[in-house]
Peer 1: 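Here's a structure for you.
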Amino acid sequence: MISWQRGAAVAVVTVFAGSIPLFGPVPALTMVPALVALVAMVRYPVVAVLIPLVVAPVAFTPIPGAAGLRVIHVAVATAVGGVALGYFTRRLSVRPPAVLGWAAAFVACFAVGTMTSVDPAQSLRSSLNHLLGLALAASAAVVVRQTPANLTWVLRGWVVAASVVVVPALPAALTATDRFAGALIEGRVQGVFSQPNDFGEFGMFAVVMAWALFAGSTTATDRTLAIVGGVVGVAGVAVSFSRGTWMGLVAVVVVAVVLAPRLLGPVVVVLTTSLPVALLGVVTGTPPFTALSGRLTAMVSGPQNPEDDRSVIHEQAWRLFLDNPVTGTGPGTFPSGAFEPGAELVRRPYLHAHSALLTGASELGIVGVLGLLGFTVALGFVVLRTRRVLLSSGRFSAEPESSRVAILAAGLMGVAVHGLVDFVYTNPYLIPLAWFQAGLVAGLCAGFADRWTGVPDRSRDRVCVP
């Protein structure tokens, strides 16, 4: 019997050769990676959920003639389709975790808001972004629930993708300068993103994934990759000069240590080795440490940025909420309110309210806020229940996945804390990534629950991972 590898190779070569006379050699050659990815997805469904990470450097690239679609939209749709293919080929046999039903209820709030939106077209685009994100979360949850080994592959892919995006942008930090004693930073790094805060959030995701990879690693290669990815992620967070992201990263560390006290040791080691380096950079005036020091000082007791309009923005968000308290003005419509009668932002319209809660309240109303809180509480309950069962079973300090639950859940808490002072989820790439992370948490917890209820452990199966 011919092996699947040889059969796949024959199929790829046959399609490639047949495409040359139809499309020419160059278009036919570009089809080869797509064919290889398709074959890999059929054999290993985890490959499908890696696609949104692989396209990170070009995620924002528009697709010509596709009505505003970008590469990330196609990548997410392909990932979801690849996981669905896993069901048809019987490579996957588990369902999305029940907690994602709360996530579906939250996304349904976007549909309700779209029907009453002041700008239905914009709201529809925003709703579709979150619908794709939910589908990606369900796909990631299914793949991880099937076997924790799949999570390792996802973490590896995330760390590599983050490094490819963050590293080329880091040299730009050498030209960053501070004004108003650090209250305002000029030349903040943003990389492929349109905003430095978005870049910082992406860096925070990289730290979380690298830490989770390290905590559950069993090989020197994974530990090395995790360390490199963690350093790159921390550097990205630092040079974004995003105070909200800094606060979010602190929340990640605190929550992770609370959920898994065994993580405190590595945190202390990292702090004791990195702080002297940072102090040396400040003392010697090495960029960007001087600007970082000024920014940190301004957070604690420094002057306010006179160009910061947040008080006006918050007032505008509150006015929009009071005008439409039940369903809001519609997803993604906060900028539209800047030109309405009574608006405070006519001269300087903004994309959001610099607060996840205020943005959600103004765009989705009470319905959306309750939907988000419901999903947050439900997922938090699942995480705490998983922790409690693992502690009672005596396996919390023994299984690497237990630390990963703590770190990944803490990553979501970092998103929430950042959201208290800023809002970065108008970004079409960060939206599916946040949903992706929620799916990983839900899937990992559901995988533990399967073991407790007697569902066979598939961690040794070779049907999902190479």
Side-chain angles (χ1 to χ4, degrees), residues 45-46 48-49 80 83-84 86-87 90-107 133-155 208-209 211-213 215-216 218 255-256 258-263 373-413 416 434-465:
V46 68
V49 296
V80 174
V83 172
Y87 275 104
R90 298 186 179 181
R91 296 287 176 181
L92 293 171
S93 59
V94 295
R95 295 170 298 179
V99 70
L100 291 184
W102 289 91
F106 172 53
V107 173
L134 173 62
L136 181 61
S139 301
V142 166
V143 169
V144 171
R145 184 178 187 176
Q146 181 87 0
T147 163
N150 280 341
L151 177 60
T152 300
W153 283 101
V154 172
L155 296 177
V208 170
M209 300 305 164
W211 193 7
L213 178 61
T218 57
V255 173
V258 169
L259 292 177
R262 66 190 292 250
L263 297 172
L373 290 177
F375 174 47
T376 302
V377 171
L379 189 57
F381 174 79
V382 168
V383 170
L384 293 177
R385 183 185 62 184
T386 301
R387 177 183 183 273
R388 183 176 65 252
V389 173
L390 287 170
L391 283 172
S392 63
S393 67
R395 295 184 296 173
F396 189 67
S397 61
E399 294 196 18
E401 294 93 335
S402 59
S403 294
R404 288 179 169 179
V405 170
I407 295 168
L408 293 174
L412 295 177
M413 182 59 70
W435 279 108
F436 198 153
Q437 187 172 344
L440 295 181
V441 174
L444 191 56
C445 291
F448 279 122
D450 290 344
R451 298 186 214 179
W452 305 329
T453 55
V455 176
D457 183 0
R458 301 177 179 84
S459 61
R460 297 184 183 277
D461 289 353
R462 294 183 62 84
V463 298
C464 293
V465 294

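This structure is a prediction, so every number in the text was calculated from the model and none was measured. We number each residue from 1, following the sequence as shown.
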Peer 1: Can you sort out the partners of Ala438 under side chain to side chain contact (heavy atoms under 4.5 Å, CB included), two or more places apart, ordered by chain and number?
Peer 2: Phe375, Leu379, Leu412

Peer 1: Restricting to side chain to side chain contact (heavy atoms under 4.5 Å, CB included), what partner residues turn up for Ala378, sequence neighbours left out?
Peer 2: Val99, Trp102

Peer 1: Any donor-acceptor pair under 3.5 Å linking the side-chain atoms of Thr152 with those of Arg404?
Peer 2: yes

Peer 1: Would you check if the side chain of Arg145 reaches a backbone N or O of Val94 as a donor-acceptor pair within less than 3.5 Å?
Peer 2: no

Peer 1: Applying side chain to side chain contact (heavy atoms under 4.5 Å, CB included), name anything that partners Val144, two or more places apart in sequence or on another chain.
Peer 2: Leu151, Leu440, Leu444

Peer 1: Among all residues two or more places apart in sequence or in another chain, which pass the side chain to side chain contact (heavy atoms under 4.5 Å, CB included) test with Ala141?
Peer 2: Pro97, Leu100

Peer 1: So, the side chain of Arg387 versus the backbone of Leu259: is there a donor-acceptor pair under 3.5 Å, distance only?
Peer 2: yes

Peer 1: Over all heavy atoms of both residues, which pair between Cys445 and Val382 is shortest? Give the atoms and the distance, please.
Peer 2: CB-CG1, 3.5 Å

Peer 1: Measure across Phe448 and Thr386 and return the closest heavy-atom pair with its distance rounded to 0.1 Å.
Peer 2: CD1-CG2, 3.8 Å

Peer 1: Specify the closest pair of heavy atoms between Val441 and Ala409, including all atoms of both residues, with the distance to one decimal.
Peer 2: CG2-N, 3.8 Å

Peer 1: Decide yes or no for Val107 and Trp435: does some side-chain heavy atom of the first lie under 4.5 Å from some side-chain heavy atom of the second?
Peer 2: yes

Peer 1: Between Leu263 and Trp211, which heavy-atom pair has the shortest distance, and what is it?
Peer 2: CB-CZ2, 3.9 Å

Peer 1: Taking only residues two or more places apart in sequence or in another chain, which ones pass side chain to side chain donor-acceptor pair (under 3.5 Å) with Ser139?
Peer 2: none

Peer 1: Give the intermediate values and the outcome of side chain to side chain contact (heavy atoms under 4.5 Å, CB included) for residues Val143 and Trp153.
Peer 2: CA-CA 11 Å; Val143 169; Trp153 283 101; over 6 Å; no

Peer 1: List the atom of Leu92, the atom of Tyr87, and the distance in Å for their closest heavy-atom pair.
Peer 2: O-CD2, 3.8 Å

Peer 1: Can Arg91 and Gln146 be said to form a side chain to side chain contact (heavy atoms under 4.5 Å, CB included), step by step?
Peer 2: CA-CA 9 Å; Arg91 296 287 176 181; Gln146 181 87 0; over 6 Å; no

Peer 1: At their closest point, which heavy atom of Phe436 faces which heavy atom of Leu136, and how far apart are they?
Peer 2: CD1-CD2, 3.8 Å

Peer 1: Quick one: CG on Leu408 to CE on Met413, what's the gap to the nearest 0.5 Å?
Peer 2: 13.5 Å

